[in-house]
Amino acid sequence: MLNVQVDTPERVVAGSALAGRLLPPAALLLGLIMSLSAWWMLREREQRIAVQEFDAVVQGSIQKVRERLTAYEVLLRSGSAMFGTVDVPTPQLWRRYVQGLDLSRRFPALTGLGFAPAVDPAGLEALQLEQHRQGRNLFSIRPAGVRPLYAPIVFLEPATPENQRVIGYDMFSEAARQRAMQSSLETGLAQVSAPTRLQQEIGREKVVGLLLYVPVYAGQYSPTNVGERRVATRGWVYAPFRAQVFFDAVLGNDKPGHLLRIIDVTDPADPQLLAASASFPEDGGDGDLRHRQVMDVHGRQWLLEAVSTQSKALGSSPASTVALLSGLLLSLLMFYAAWLLARMRERAHRMAVLMSEASRRSEQRFRRAMQYSPIGTALLDLDGTILEANPTLARILGQPAFSLMGTTFGSHFVSHGEGTGADDTSSGVRRIVRRLRRADGGVRHARLVFAELPGSEDSDAARLVQVEDITEQLQAEARIHSLNRTLEARVEERTRELRTANEEMEAFAYSVSHDLRAPLRAINGFSHMLEQRHGEKLGEHARGHLARIQAAARRMDELIDALLTLATVGRGELVRERLDLSAMAQRIIADLRLTQPEREVQVDIRSGLEVDGDRALVGNVLENLIGNAWKFSEHRTPARITIGRDDDGAIFIRDNGAGFDTAFAGKLFKPFQRLHSQSQFSGHGIGLTTVKRIVERHGGQISASSTLDQGATFRFTLGTSSGSDQTVA
């Protein structure tokens, strides 16, 4: 039986998902292979270039060494020619020759140029006589001893103290120098000595030195006959130089990435280091390029070792690093792009599966929202016909929801022409208030909100309308308006009554003031007449009663003034302006000092105490509070009064007077309430009440704190305050 496999949608989706999962790792693997290949090829190319450059540097260094030694040989050959043509060279002639060469600038490694004759013991004595004949100091041969041949240093320029010290040294007595001199004599070539210590360096740190010798011949000799050459030898012109200074001058100091070392390997059993770069690695360094080459240098064999540390960074050079990082980044991008594509394909398939389910759930949510919404809702077509209505709208209209289907929504209005509302053209929303007729004939007020549905041209539902029953709300608003009108009438009536009461109180206050002042003036006048006309006839006891009558009259007069002030505080227009309390307090204190100049009172008034208030009323506050501080501190020596501003902006007036018991602080601002007897401190008990009313009229507050017999502090605000708080010196 033929079994045919049919590709179902599920299999297609599964196959696509598998392909999508394999695509990202395949893209990542391909990118990594390409990146590593590019990096490896670039690294190999950089290594080849580095090796070629390194070989060129090494060959260039060898060439520089040869060229500098050739330059030394040319100098010595010129000197040798001079000694070969002059029978008896003089020190002056040699000095002029050396000075003309400018050795210190051109050849800093050279310590000088010198001449050493080849003499036997008899010739040595003749040499000493010639030295004496030329007027030169005789020298002694060092080291002492009898030898078949001597080569003492007789000329060495420039004539530095170090060079003069080596005159007379027999170079033929030292094996290293003797071998080079003997080889030079026999071959006629310039020869370099083995590493030795220069005589100029005796007594100093050990420095490797070298000497280059050129023979001086006189007379006729066969160039190929060693015996004749020995007979014709007059001596050697030589150049001593320091090995390290020589190589530094020729090759330069340590170069980045290229380090050099030169070893004398003429004797393989005893290699000797001549010079090296300061940071030359003893172990060679792992991963470094190395080069070793032996060169023949004037009878010696020198091993040049070179190391290039740049090879360590070849694998991590900027170019290779950028290539590797770019490849890795490209691989990651390819992986991410493939993964994103696979995700998008998988999501598209998943979304296709979920679309129908989402549509079904959306429709179900809409149905439930319509069903349980507390606001009446209906779907309308383009003609205003109700397509669907929820139970709330059915309850508002008083009929079943199914009976509303197919009816025109406008047919449920009381009148098509009535109603108020507004349109929001930007969002396509329209709001109006209309009256709806119920099925039982009742009328309800409703707020209607019409909204256009998007995509209505492709659907039968064109608009959504929400209906909110506001009948009870409008009825409540009508009741509130009625109550407000009644309340306004009552307030107006109470205002008229209060205005009338204030006018009557003001008239009563002035009437009482006038009626009380007349008998007071009579009492005061007759008591003065009695004192002036019959004072001598009255006894001491009677005069005391008379004084009490006069004092009581004065107190009564002051009390009437205080009551009038208290009655007028709440009347009149409050004119606010910027006030300088510091200056006002200074004037009040000055007036108080005039009344009692004998008192010792220390007053501290902070500067910049500025407030906004009525000048006359605020002045009354300061006069009362400062006056109280002055009065209640009169038994203190010295008395102290401080006027300033707290951190919270309140103005305070503090004294060190009698103070009061805080248990009775509530009586301070009530009229006619006193915490001290009249015999202790005079007063009428109205001042603080007046202060409290003035402060409250300004929208501020006043408070007091005290400890009995330790002073009191009054703090007040006037609604707004500003300014600095600095002490007046």
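Along the sequence shown, the residues carry numbers beginning at 1.
- Between Tyr150 and Phe172, a ring centre-to-centre spacing not shorter than 6.0 Å is recorded.
- With Tyr217 contributing its side chain and Leu185 its backbone, the two residues share a donor-acceptor pair below 3.5 Å.
- The distance from atom CD of Gln191 to atom NE2 of His298, rounded to the nearest 0.5 Å, is 8.5 Å.
- Inter-residue side-chain proximity for Ser104 and Asp102 is flagged as met; some heavy-atom pair is nearer than 4.5 Å.
- At distances below 3.5 Å, at least one donor-acceptor pair connects side-chain atoms of Thr187 with backbone N or O atoms of Leu189.
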Decide yes or no on side-chain contact (heavy atoms from CB on, under 4.5 Å) for Val65 and Phe247, but give the supporting numbers first.
CA-CA 8 Å; Val65 171; Phe247 290 111; 4.1 Å; yes

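- Remark: the Gln59 side chain and the Gln63 side chain contain no N/O donor-acceptor pair separated by less than 3.5 Å.
- In this model, a donor atom of one side chain and an acceptor atom of the other lie less than 3.5 Å apart for Gln182 and Glu186.
- Panel note: side chain Ser582, backbone Leu609; a donor-acceptor pair is recorded below 3.5 Å.
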Applying side-chain contact (heavy atoms from CB on, under 4.5 Å) to Glu305 and Leu260, what does each step give before you reach the verdict?
CA-CA 6 Å; Glu305 291 185 340; Leu260 301 175; over 6 Å; no

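- At distances below 3.5 Å, at least one donor-acceptor pair connects side-chain atoms of Asp120 with backbone N or O atoms of Gly123.
- Considering every non-hydrogen atom in both Gln200 and Pro240, the closest pair reads NE2-CG, 4.1 Å.
- Contact record, Ser193 with Ala180: CA-CB, 3.6 Å, taken as the closest heavy-atom pair.
- For the 3.5 Å distance criterion, the side chains of Thr266 and Arg300 qualify, holding a donor opposite an acceptor.
- Note that CZ of Arg645 is 10.0 Å distant from CZ of Phe652, once rounded to the nearest 0.5 Å.
- For the pair Thr111 (side chain) and Phe241 (backbone), a donor-acceptor distance under 3.5 Å is absent.
- Under the 4.5 Å side-chain criterion, counting only non-hydrogen atoms from C-beta, Leu303 is in contact with Arg292.
- Rounding to the nearest 0.5 Å places CZ of Arg261 at 11.0 Å from CG of Leu274.
- Across all their heavy atoms, Pro152 and Leu124 have their closest contact at CG-CD1, 4.3 Å.
- Looking only at side-chain heavy atoms (C-beta outward), Leu69 and Phe246 come within less than 4.5 Å of each other.
- Closest approach of Met181 to Trp236, counting heavy atoms only: O-NE1, 3.1 Å.
- Here Phe115 and Tyr97 keep their ring centres 6.0 angstrom or further from each other.
- Listed for the Thr196 side chain is no donor-acceptor partner under 3.5 Å among the backbone atoms of Ala176.
- The side-chain heavy atoms of Tyr72 and Val214, taken from C-beta on, include no pair separated by under 4.5 Å.
- One distance of note links OG of Ser78 with CD of Glu73; it measures 10.5 Å at 0.5 Å rounding.
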Ring pair (Phe, Tyr, Trp, His ring centres under 6.0 Å) between Phe155 and Tyr238: does it pass, once the steps are laid out?
CA-CA 10 Å; Phe155 296 152; Tyr238 79 100; over 10 Å; no

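- Between the CG atom of Asp580 and the OG atom of Ser607 there is a distance of 9.0 Å, given to the nearest 0.5 Å.
- We find that Arg147 and Asp170 are joined by a salt bridge, their nearest charged nitrogen and carboxylate oxygen being less than 4.0 Å apart.
- Looking at every heavy atom in both residues, Leu110 comes nearest to Ala239 through CD2-CB, 3.8 Å.
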After noting the C-alpha distance and the side-chain angles of Val192 and Tyr213, does the key distance pass the side-chain contact (heavy atoms from CB on, under 4.5 Å) rule?
CA-CA 6 Å; Val192 175; Tyr213 293 96; over 6 Å; no

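- With rounding to the nearest 0.5 angstrom, the CE atom of Met295 is 5.5 Å from the CG atom of Leu304.
- With hydrogens and angles ignored, the 3.5 Å screen pairs a side-chain donor or acceptor of Thr70 with a backbone N or O of Arg66.
- Counting only N and O atoms by type, the side chains of Gln301 and Asp264 include no donor and acceptor under 3.5 Å apart.
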Before giving the answer on side-chain contact (heavy atoms from CB on, under 4.5 Å), spell out for Leu113 and Leu76 the whole-Å C-alpha distance, their side-chain angles and the decisive distance to 0.1 Å.
CA-CA 8 Å; Leu113 291 181; Leu76 296 180; 3.6 Å; yes

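- Minimum heavy-atom separation, Met171 to Leu211: SD-CD2, 4.3 Å.
- Atom CZ of Arg165 sits in a crowded spot, with more than 12 heavy atoms from other residues, nucleotides or ligands closer than 6.0 Å.
- Under the 4.5 Å side-chain criterion, counting only non-hydrogen atoms from C-beta, Thr233 is not in contact with Val216.
- When atom types are taken as modelled, the side chain of Arg179 and the backbone of Glu174 share no donor-acceptor pair closer than 3.5 angstrom.
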